[in-house]
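Okay, structure first, notes after.
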Amino acid sequence: MQYTDEVGQTLAYFMDQEFSLYVQWLNPGYSDQAPAFDHLGLVPRILAARTAWAIRNGRVDADSRVQEIREFIYGWARYRNLIFTTATT
């Protein structure tokens, strides 16, 4: 999601559906000169929901952020016994 005025509606939808959230706030973002203040007031709303929250620098290589997301999803799925392997010969 982009940090725009409309993102509050998107977040409200997911919160109303009682989804858990995994948020990586890229701050500063890729083209930002410096970290940004939460001028939309989203942080308290996001943290009031079931949320895993991380602030990461969007100007550095994305590989570590992508790996972090993969590990989070894998751990979530493994805990719920959603990971299945097939036998190979």
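Nothing here was measured: the structure is a model prediction, and the numbers come from that model.
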Under 3.5 Å, is there a donor-acceptor pair between the side chain of Arg59 and the main chain of Gln33? yes

If Ile, Leu, Val, Met, Phe, Trp and Tyr residues are connected whenever their side-chain heavy atoms lie under 4.5 Å apart, and connections chain through other members, are Leu21 and Trp25 in the same group? yes

Pair up each side-chain donor or acceptor in residues 69-79 with any protein partner under 3.5 Å, not counting sequence neighbours, and list the distances.
{"from": "Glu71", "atom 1": "OE2", "to": "Gln67", "atom 2": "NE2", "distance (Å)": "3.1"}
{"from": "Tyr74", "atom 1": "OH", "to": "Arg78", "atom 2": "NH1", "distance (Å)": "3.3"}

Once salt bridge (Lys or Arg N to Asp or Glu O under 4.0 Å) is applied, do any residues pair with Arg56, and if so which ones, sequence neighbours excluded? Glu68

Hey, could you give me the CG/CG distance between Asp32 and Leu26, rounded to the nearest 0.5 Å? 9.5 Å

So Arg65 and Asn57, do their side chains get closer than 4.5 Å, heavy atoms only? no

So CZ of Phe84 and CG of Asn81: to nearest 0.5 Å the spacing works out to 7.0 Å

Under 3.5 Å, which donor-acceptor pairs link side chains of residues 34-54 to any protein atom two or more places apart or in another chain?
{"from": "Asp38", "atom 1": "OD1", "to": "Tyr3", "atom 2": "OH", "distance (Å)": "2.4"}
{"from": "Asp38", "atom 1": "OD1", "to": "Gly41", "atom 2": "N", "distance (Å)": "3.2"}
{"from": "Asp38", "atom 1": "OD1", "to": "Leu42", "atom 2": "N", "distance (Å)": "3.1"}
{"from": "Asp38", "atom 1": "OD2", "to": "Leu42", "atom 2": "N", "distance (Å)": "2.9"}
{"from": "Asp38", "atom 1": "OD2", "to": "Val43", "atom 2": "N", "distance (Å)": "2.8"}
{"from": "Arg45", "atom 1": "NH2", "to": "Gly8", "atom 2": "O", "distance (Å)": "3.1"}
{"from": "Arg50", "atom 1": "NE", "to": "Ser20", "atom 2": "OG", "distance (Å)": "3.1"}
{"from": "Arg50", "atom 1": "NH2", "to": "Glu18", "atom 2": "O", "distance (Å)": "2.2"}
{"from": "Thr51", "atom 1": "OG1", "to": "Ile46", "atom 2": "O", "distance (Å)": "2.6"}
{"from": "Thr51", "atom 1": "OG1", "to": "Ala49", "atom 2": "O", "distance (Å)": "3.3"}

